[in-house]
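Structure first, commentary second.
Computed from a predicted model, the values in this text were never measured in an experiment.
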Amino acid sequence: PTFRSFQLASELRYDTRLKMADWMRENLPAEAKLYINGEGYSSDFRAGEFEVYPLSRTKPQYFEVGYLRSSGKDYLLLSSLAYDRFFFQPGTPDFFRERFEQIFERLPLVKEMKPEFGTYGFHNPTLRLYALNEPALDQARARMK
């Protein structure tokens, strides 16, 4: 238990949310429009860094791949702290699990940030950044070279 606690604690200060935010600042254009699922569980950005739009579960159409692609937004940032429950907790609606599966399968993944030692409490979720259109995907690829 002591060794495991040390491993988890080693990633608390600079967790995946901070790492992903830094990566995005370095690799995405400042004017990028982002949907973020689970804002409290995801990377945080200062005013003016990106155009950030929360993805609300109260509007289920937001989770449909066709809607996301036609939304005019460039990227979708997902946090495992917001979507994992639909895969692992009993009694959660199938609708959201199915929508997340479609997102995982049909949208191009630009970047995934995973913790080395695992998620613990509300720290170090796996973050996935998806491109919602071809220009956004091309921009991300060009800036990463």
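Between Y53 and E51, the side chains place a donor N or O and an acceptor N or O closer than 3.5 Å (distance only, hydrogens not considered).
Contact annotation: the side chain of F87 never approaches that of R85 to less than 4.5 Å [non-hydrogen atoms, C-beta and beyond]. When side chains are defined from C-beta on, S80 does not count as touching L127, because their heavy atoms never get closer than 4.5 Å. Residues W23 and V110 form a side-chain contact, since some pair of their non-hydrogen atoms from C-beta on lies under 4.5 Å apart. Looking only at side-chain heavy atoms (C-beta outward), L68 and Y130 stay at 4.5 Å or farther from each other.
Distance check: K111 NZ to M24 CE gives 12.0 Å after rounding to the nearest 0.5 Å. Atoms OG and CE, on S79 and M20 in that order, are 10.0 Å from each other to the nearest 0.5 Å. Rounded to the nearest 0.5 angstrom, L55 CG and L78 CG are separated by 7.5 Å. Note that the CD atom of E134 and the CZ atom of R69 stand 8.5 Å from one another [nearest 0.5 Å].
Under the 4.5 Å side-chain heavy-atom criterion for grouping Ile, Leu, Val, Met, Phe, Trp and Tyr, L137 is connected to L77 within one hydrophobic cluster. Note on I36: it clusters hydrophobically with M113, by side-chain heavy-atom contacts below 4.5 Å among ILVMFWY residues. When hydrophobic clusters are built by joining Ile, Leu, Val, Met, Phe, Trp and Tyr residues whose side-chain heavy atoms come closer than 4.5 Å, directly or via intermediates, F86 is grouped together with L76. In the hydrophobic clustering of ILVMFWY residues, with side-chain heavy atoms under 4.5 Å counting as a link, F88 and L81 come out apart. Linking Ile, Leu, Val, Met, Phe, Trp and Tyr residues whenever their side-chain heavy atoms come within less than 4.5 Å leaves Y62 and F50 in two separate clusters.
A donor-acceptor distance shorter than 3.5 angstrom exists from the side chain of D74 to the backbone of K33, with no hydrogens or angles considered. In this structure, the side chain of T16 does not engage the main chain of T126 through any donor-acceptor pair within 3.5 Å. Side chain of N133 to main chain of K73: a donor-acceptor pair is present (N/O by atom type, distance under 3.5 Å, no hydrogens or angles).
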ring-ring contact (aromatic ring centres under 6.0 Å, His included) assessment of Y35 paired with Y75: CA-CA 6 Å; Y35 267 133; Y75 300 95; over 10 Å; no
Apply side-chain contact (heavy atoms from CB on, under 4.5 Å) to the pair D15 and K19, showing each step before the final yes or no. CA-CA 6 Å; D15 85 358; K19 291 176 185 177; over 6 Å; no
Given side-chain contact (heavy atoms from CB on, under 4.5 Å), test F63 with N37 step by step and report yes or no. CA-CA 10 Å; F63 293 88; N37 176 239; 3.6 Å; yes
Run the numbers on D22 and R25 for salt bridge (Lys or Arg N to Asp or Glu O under 4.0 Å), then give the verdict. CA-CA 5 Å; D22 286 346; R25 288 180 190 110; 2.9 Å; yes
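The shortest non-hydrogen separation linking P115 to P125 is CD-O, 4.1 Å.
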Just list the side-chain donor-acceptor pairs under 3.5 Å for residues 92-108, sequence neighbours left out, or say none.
from : atom 1 : to  : atom 2 : distance (Å)
T92  : OG1    : Q89 : O      : 3.2
D94  : OD1    : R97 : NH1    : 2.9

